[in-house]
Asks: 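Got a structure for you, written out below as structure tokens; questions coming shortly.
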Amino acid sequence: MSDAKHFTVIGAGIVGIACASYLQRAGHRVTIVDRLPPGEGCSFGNAGLISPSSCVPFSMPDLVWRVPRMLADPLGPLAVRWPYLPQALPWLVRFLAAGRPRRVREVSRAMAALHGRCFDAYAPLLKAAGAQDLVRRSGTLYVSKKENGALGDALTHALREAAGVKVDAVGAAELRQLEPALSPDYRSGLFFPDNGHSVNSFRLVQVLAEQVVRDGGTILRRSVGGFRFGPDKPRALITDEGEMPLDRLVIAAGAWSHRLTAQLGTSVPLEAERGYHVMLPNPGVVPRLPISNKDHSFAATPMENGLRFAGTVEIGGVDAAPDYRRAKVLLQHGKGMYPGLNTEGMTEWMGCRPSLPDGLPVNDVSPRFPAVFFAFGHSHYGLMGAAITGKLIAELASGAAPSIDLAPYRADRF
Ligand SMILES: Cc1cc2nc3c(=O)[nH]c(=O)nc-3n(C[C@H](O)[C@H](O)[C@H](O)COP(=O)(O)OP(=O)(O)OC[C@H]3O[C@@H](n4cnc5c(N)ncnc54)[C@H](O)[C@@H]3O)c2cc1C
């Protein structure tokens, strides 16, 4: 390709690796820089859900009324570390404001546009890496112990209908058939036949990263502190291993991205929604389907290396130490789902979801520098949103018409 360029990608999470893969497919050369090996940030331990149906924002109109009760329980599904509250308050206010009915509909449309294409966008990357076994279109279940507890409110129904989501309500008997391992205490469910999951979200990043290298890319282990500027644009990265000359740049640095964009003159209200997981290598039960537990807001996903319970949101910044009591709460709820669970060899993990207040990512060109691209902020949906983001960034960077309207994901929308 005659106008092939060299791109430096900061971040070797699923988003950075997907951007690098698609930039290579567009004929460009790539160097990825991360202080950690590929996939060891937030992408390491997510719930693995890949859901084209995902079009219902976290911030909904009724959330504002539910928040006080939620925050009263420090180990509940949403918690704020009180010393961090003054710093988090502007983000929290914007998060609640994103729950206004009109905004919810806009955000939902933008979620559907991005997530609706998640499997198609992964397909060429998985094929090239010979990794089709890592992603399964298994269907997913929502479950609740309450009669109708999994079904959602009228607005949720309307959003799914507008997005054309396929979903079936299932009662207690059908739940048993779909997921025999689930406790009979569960009484209502929703089945999403078009959804799926990754059986190992960490290995997924690793194999896609290996393919980037096989295709001529370079991955360097370095921490980026900032930039050296020329007269017109950033000319070099300043790293802990010295300077690296820069032509074009993609910032895909997850929950740390705003620290870099601020140095490039763009301020974005990015916050870390810290989440936890518990991994059971020999769970002693064999669930067939990934399940979202609607009573306690977490996911239970069967993976190739065990059963994972993942979820909860803790606002406390990227630097605070993990509070693994939150992981133990997940385990306690998981035990209620699968009688006879074996917890031997269990491991715990915490990761920082990179989140903007409306839950949508920034997929954009820098407002200040035309050779700098932003791909971050995928919040609860970074696994499902990564491949389509990579495709969109490669289109933007190559001057091609983007596959979807990028206005909802602009950096300057706040
Ligand atoms: C409990 C939990 C469950 C989840 N479940 C799901 C799910 O089921 N489905 C789904 O789609 N999403 C899920 N997510 C969200 C998903 O994991 C994230 O959105 C996604 O991993 C973000 O990917 P990323 O590449 O942007 O960030 P990361 O994976 O965090 O990668 C960013 C990388 O940038 C590097 N970096 C940052 N700053 C610098 C710097 N200055 N110098 C060098 N390197 C730097 C970091 O080291 C890191 O490796 C979940 C998240 C959590 C926590």
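All heavy atoms count here, side chains included; hydrogens, waters and symmetry mates do not. As the structure lists them, so they are numbered: ligands from 1, and atoms in each ligand from 1.
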Asks: Atom 30 (O) of ligand 1: which protein heavy atom is closest, and how many Å away?
Replies: Cys42 N, 2.9 Å

Asks: Do ligand 1 and Gly311 have nitrogen or oxygen atoms that lie under 3.5 Å from each other?
Replies: no

Asks: Among all the protein's non-hydrogen atoms, which is closest to atom 40 (C) of ligand 1, and how far away is it?
Replies: Arg35 NH1, 3.5 Å

Asks: What is the nearest protein non-hydrogen atom to atom 17 (O) of ligand 1, stated with its residue, atom name and distance?
Replies: Asn46 ND2, 3.1 Å

Asks: Out of Pro354, Gly13, Gly254, Gly16, who is nearest to atom 22 (C) of ligand 1 when you count heavy atoms only?
Replies: Pro354

Asks: Before signing off on this row, confirm whether Gly382 and ligand 1 have an N or O atom pair separated by under 3.5 Å.
Replies: yes

Asks: Is the closest N or O pair between Gly275 and ligand 1 shorter than 3.5 Å?
Replies: no

Asks: Is it the case that Glu271 and Ser355 place a side-chain donor and acceptor less than 3.5 Å from each other?
Replies: no

Asks: Looking just at side-chain N and O atoms, do Glu179 and Tyr186 make a donor-acceptor pair shorter than 3.5 Å?
Replies: no

Asks: Taking the minimum heavy-atom distance to atom 51 (C) of ligand 1, which of Arg221, Arg353, His380 ranks first?
Replies: Arg353

Asks: Angle between ring planes, Tyr338 versus Phe309, binned at 30° and 60°: parallel, tilted or perpendicular?
Replies: parallel

Asks: What I want to find out is whether Asp120 reaches Arg137 closely enough, with some N-O distance under 4.0 Å, to be called a salt bridge.
Replies: no

Asks: Suppose we measure from atom 21 (O) of ligand 1 to each protein heavy atom; which comes out shortest, and what is that distance?
Replies: Ser43 OG, 2.9 Å

Asks: Within the 3.5 Å criterion, strictly below it, is a donor on His378 or Thr389 matched to an acceptor on the partner's side chain?
Replies: yes

Asks: Is the centre of the Tyr142 ring less than 6.0 Å from the centre of the Phe192 ring?
Replies: yes

Asks: Using the rule salt bridge (Lys or Arg N to Asp or Glu O under 4.0 Å), only one of Arg109, Arg410, Arg103, Arg105 pairs with Asp358; which is it?
Replies: Arg103

Asks: What verdict does the side-chain contact (heavy atoms from CB on, under 4.5 Å) test give for Gln211 and Asp215, after you've listed the backbone C-alpha separation in whole Å, the side-chain angles of each residue and the deciding distance to 0.1 Å?
Replies: CA-CA 6 Å; Gln211 187 60 38; Asp215 289 340; 3.1 Å; yes

Asks: Could you say whether the N/O atoms of Met384 and ligand 1 ever approach to under 3.5 Å?
Replies: yes

Asks: Below the 3.5 angstrom mark, is there an N/O of Tyr276, backbone or side chain, next to an N/O of ligand 1?
Replies: no

Asks: Determine whether the side chains of His6 and Thr31 contain a donor N or O and an acceptor N or O closer than 3.5 Å.
Replies: yes

Asks: Have Ser144 and Asp295 got a donor and an acceptor in their side chains that come within less than 3.5 Å?
Replies: yes

Asks: Checking contacts here: is it the side chain or the backbone of Ser379 that comes within 4.0 Å of ligand 1, counting heavy atoms only? Could be both or neither.
Replies: backbone

Asks: For the residue pair Arg203 and Gln206, confirm or rule out a side-chain donor-acceptor distance under 3.5 Å.
Replies: no

Asks: Starting from atom 8 (O) of ligand 1, find the nearest protein heavy-atom neighbour and note its residue, name and distance.
Replies: Leu49 N, 2.8 Å

Asks: Going by distance only, is there an N or O of Gly11 that falls short of 3.5 Å from an N or O of ligand 1?
Replies: no

Asks: With heavy atoms only and a cut-off of under 4.0 Å, state how Arg222 meets ligand 1: side chain, backbone, both or neither.
Replies: backbone

Asks: Regarding Ser138 and His197, is there a side-chain donor-to-acceptor distance under 3.5 Å anywhere?
Replies: yes

Asks: Can you see whether Ser403 engages Glu395 through a side-chain donor-acceptor pair at a distance of less than 3.5 angstrom?
Replies: yes

Asks: Need the ligand 1 atom indices (1-based, order shown) with element for anything under 4.0 Å from a heavy-atom of Tyr381.
Replies: 10 (C), 11 (O), 12 (N)

Asks: When you compare ligand 1 with Asp34, is there at least one nitrogen or oxygen pair between them that comes in under 3.5 angstrom?
Replies: yes

Asks: Write out the residue and atom name of the closest protein heavy atom to atom 3 (C) of ligand 1, then the distance separating them to 0.1 Å.
Replies: Ala47 N, 3.5 Å

Asks: Using a 4.0 Å cut-off to any heavy atom of Val15, which atoms of ligand 1 qualify?
Replies: 23 (O), 24 (P), 25 (O), 26 (O)

Asks: Would you say the side chains of Thr347 and His277 form a donor-acceptor pair under 3.5 Å?
Replies: no

Asks: I'd like to check whether Glu40 has a polar contact with ligand 1, where a contact means an N/O of the residue lying under 3.5 Å from an N/O of the ligand.
Replies: no

Asks: With atoms numbered from 1 as shown, which atoms in ligand 1 lie under 4.0 angstrom from a non-hydrogen atom of Ile14?
Replies: 23 (O), 25 (O)

Asks: Under 4.0 Å from any heavy atom of Gly351, which atoms of ligand 1 are there?
Replies: 53 (C)

Asks: Hey, does the Lys NZ or Arg CZ of Lys233 hover above the aromatic six-ring of Phe369, less than 6.0 Å from the centre and inside 45° of the axis?
Replies: no

Asks: Do NZ/NE/NH1/NH2 and the carboxylate oxygens of Arg136 and Asp133 come within less than 4.0 Å?
Replies: no

Asks: Which ligand 1 atoms, with their elements, are less than 4.0 angstrom from a heavy-atom of Gly48?
Replies: 7 (C), 8 (O)

Asks: Can you confirm, on distance only, whether ligand 1 has an N/O atom lying under 3.5 Å from any N/O atom belonging to Cys352?
Replies: no

Asks: Hey, which atoms in ligand 1 end up nearer than 4.0 Å to a heavy atom of Ser223?
Replies: 42 (N), 43 (C)

Asks: Quick one: does Leu36 get an N or O within less than 3.5 Å of an N or O on ligand 1?
Replies: no

Asks: What protein heavy atom sits nearest atom 42 (N) of ligand 1, and how far off is it?
Replies: Val224 N, 2.9 Å

